[in-house]
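The structure under discussion appears below in the form of structure tokens.
Just so we're on the same page: letters track the sequence lines, and every chain starts at 1.
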2 protein chains.
Amino acid sequence: MNTDNLLVAYFSQYMDLSPEEIEVIKNTDIIREYAKNTVLLEAGQVAKNCFLVLKGCVRRYYIQDGEERIMDFYTENDPITPASYVSQTPSEYYLSCVEPSVISSGTDESTQEFIAKFPQFVPMFIKIGDQLSVKKQLSFDNFKNQSPEDRYQQLVASRPDLINRVPQYMIASYLGIKPESLSRIRKRLFS
Amino acid sequence: MNTDNLLVAYFSQYMDLSPEEIEVIKNTDIIREYAKNTVLLEAGQVAKNCFLVLKGCVRRYYIQDGEERIMDFYTENDPITPASYVSQTPSEYYLSCVEPSVISSGTDESTQEFIAKFPQFVPMFIKIGDQLSVKKQLSFDNFKNQSPEDRYQQLVASRPDLINRVPQYMIASYLGIKPESLSRIRKRLFS
DNA sequence: CCTGTGCATTGACTTGGGTTAAGAAATGAA
DNA sequence: TTCATTTCTTAACCCAAGTCAATGCACAGG
């Protein structure tokens with residue numbers, strides 16, 4: 001698989017690229033394939049990278065009293081900026097691959113070099129950041145406003161792929177409930 | 001009250017300011033006082049401004065089935081960037097003053113003018129944005145991971161001022177529960 | 001093929017928040 | 001001060017999620 005094209009496709013969502021710029025993108029970032037269950041960031045470590053999921057699925061989770069609490073699933077074209085990467089303090093949470101995944105890694109230096117060379121990308125970065133931030137706020141709002149049952153129905157509607165590619169007990173954790181409860185919700189809904 | 005100094009104080013948190021820069025800050029933004037219960041943004045309207053709370057308290061809330069669902073309280077030095085301001089689509093939520101408040105308003109034009117004149121402020125803006133985004137993610141994580149009782153205890157510990165300046169039924173809404181439940185939680189904790 | 005492991009379901013019971021309704025306490029205006 | 005309104009508390013009952021335990025089911029490895 002030519003993984004470089006995935007990154008070019010990602011940037012193309014936001015702006016038209018000259019052949020020259022395409023070359024730069026192909027050469028700038030580190031792209032790697034990771035096996036299922038590969039841990040990208042461990043709690044306690046300081047993140048050295050931010051990520052962009054090009055293919056596959058990554059989950060973000062805490063471990064509390066030996067239990068995983070899943071906060072997010074990242075899939076195709078989702079950027080991941082760990083809090084630990086921004087603050088350079090030990091991470092409170094883990095990142096690991098739910099599926100075999102193709103992921104682009106960035107560092108502070110690589111990003112700044114990139115921006116210095118190609119300032120025309122800055123408005124795009126800002127736009128992506130704004131959109132992301134708004135999206136996050138709205139999903140928080142939804143979570144707060146809805147019952148677990150509502151949240152499950154909305155998830156099925158908005159991210160049907162997730163339901164199929166992720167085990168149900170992870171979906172339950174993501175929804176903030178126990179697997180048994182999700183089972184009962186499904187029973188209530190589908191019968 | 002000399003409200004200009006509040007804005008200068010805000011910027012000084014993040015970088016040292018020359019006398020010249022201080023003059024610019026004093027002249028650039030619109031600062032106004034608002035009475036208690038003034039609505040800054042109404043659901044259905046497209047936001048024309050982003051805000052910075054210099055003094056007082058603003059709440060962000062939806063109205064669902066005639067009930068207010070409070071998502072956030074913004075107090076001294078909290079910036080407010082409405083989703084509607086970013087996307088230029090009608091707002092889903094309201095912003096209104098819980099107390100008489102002093103608030104600085106910004107527009108797209110004023111911000112861009114400001115940046116064009118003083119590019120040295122850009123890294124600061126980016127830093128503020130990053131910090132804000134991380135802070136939001138962490139408070140979402142906390143909300144998901146904790147019971148209403150935990151959430152109340154943490155709020156008392158982390159923002160004790162809010163408990164005093166905001167009516168309890170608003171705190172309850174903010175915690176995602178009914179006033180009656182918060183009453184019971186307090187009884188459980190303090191007796 | 002059988003077996004072990006991990007995942008999903010079901011049932012009985014507990015617990016804590018929602019609902020409804022009433023009344024007490026605090027606040028503010030006349 | 002008095003009265004009205006808003007806010008907070010309490011009680012009884014309901015319901016959905018948590019807990020604990022057993023069972024079913026699918027898939028992988030031997």
Atom [atom1] of [X] to atom [atom2] of [N]: distance rounded to whole Å?
{"X": "Met170(B)", "N": "dC8(D)", "atom1": "CE", "atom2": "C1'", "answer": "14 Å"}
{"X": "Asp65(A)", "N": "dT19(D)", "atom1": "CG", "atom2": "C1'", "answer": "15 Å"}
{"X": "Lys178(B)", "N": "dC15(D)", "atom1": "NZ", "atom2": "P", "answer": "17 Å"}
{"X": "Ile177(B)", "N": "dC15(D)", "atom1": "CD1", "atom2": "C1'", "answer": "17 Å"}
{"X": "Ile185(A)", "N": "dA8(C)", "atom1": "CD1", "atom2": "P", "answer": "14 Å"}
{"X": "Arg184(B)", "N": "dT20(C)", "atom1": "CZ", "atom2": "P", "answer": "13 Å"}
{"X": "Leu189(A)", "N": "dT9(C)", "atom1": "CG", "atom2": "P", "answer": "12 Å"}
{"X": "Glu149(A)", "N": "dG17(C)", "atom1": "CD", "atom2": "C1'", "answer": "16 Å"}

Establish, with yes or no, whether the OP1 or OP2 oxygen of [N] is under 4.0 angstrom from a side-chain nitrogen or oxygen of [X].
{"X": "Arg151(B)", "N": "dG17(C)", "value": "no"}
{"X": "Lys187(B)", "N": "dG17(C)", "value": "no"}
{"X": "Gln168(A)", "N": "dT9(C)", "value": "yes"}
{"X": "Arg188(B)", "N": "dG17(C)", "value": "yes"}
{"X": "Arg186(A)", "N": "dT9(C)", "value": "yes"}
{"X": "Ser181(A)", "N": "dA17(D)", "value": "no"}

Check: Just checking, any donor-acceptor pair under 3.5 angstrom between side chains of Asn142(A) and Ser139(A)?
Finding: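 No, because no side-chain N or O of Asn142(A) sits under 3.5 Å from a partner of the opposite role on Ser139(A).
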
Check: So, Arg186(B) and Tyr152(B): side-chain donor and acceptor under 3.5 Å apart, yes or no?
Finding: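 Tyr152(B) and Arg186(B) do have a side-chain donor-acceptor pair below 3.5 Å.
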
Margin query: Between the side chains of Asp141(B) and Arg69(A), is the shortest nitrogen-to-carboxylate-oxygen separation below 4.0 Å, so that they form an ion pair?
Written below: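 Salt bridge: no.
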
Notebook entry, point to check: When hydrophobic residues are tied together by side-chain contacts of less than 4.5 Å, even through go-betweens, does Leu40(A) share a cluster with Ile30(A)?
Noted result: no

Next item on the list: Determine the minimum heavy-atom distance between Pro79(B) and Tyr10(B), stating which atoms define it.
Entry: CG-OH, 4.1 Å

Note to self: Over all strands shown, is Pro167(A) touching base, sugar-phosphate only, or nothing at heavy-atom distances under 4.0 angstrom?
What the structure shows: sugar-phosphate

Notebook entry, point to check: When you measure from the side chain of Tyr169(B), which nucleotide among dG17(C), dA21(C), dC8(D) comes out closest?
Noted result: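 The nucleotide sitting nearest to the side chain is dC8(D).
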
Checklist line | Nucleotide nearest Ser183(B) when distance is taken to its side chain, options dT10(D), dA21(D), dA8(C) | finding: dT10(D)

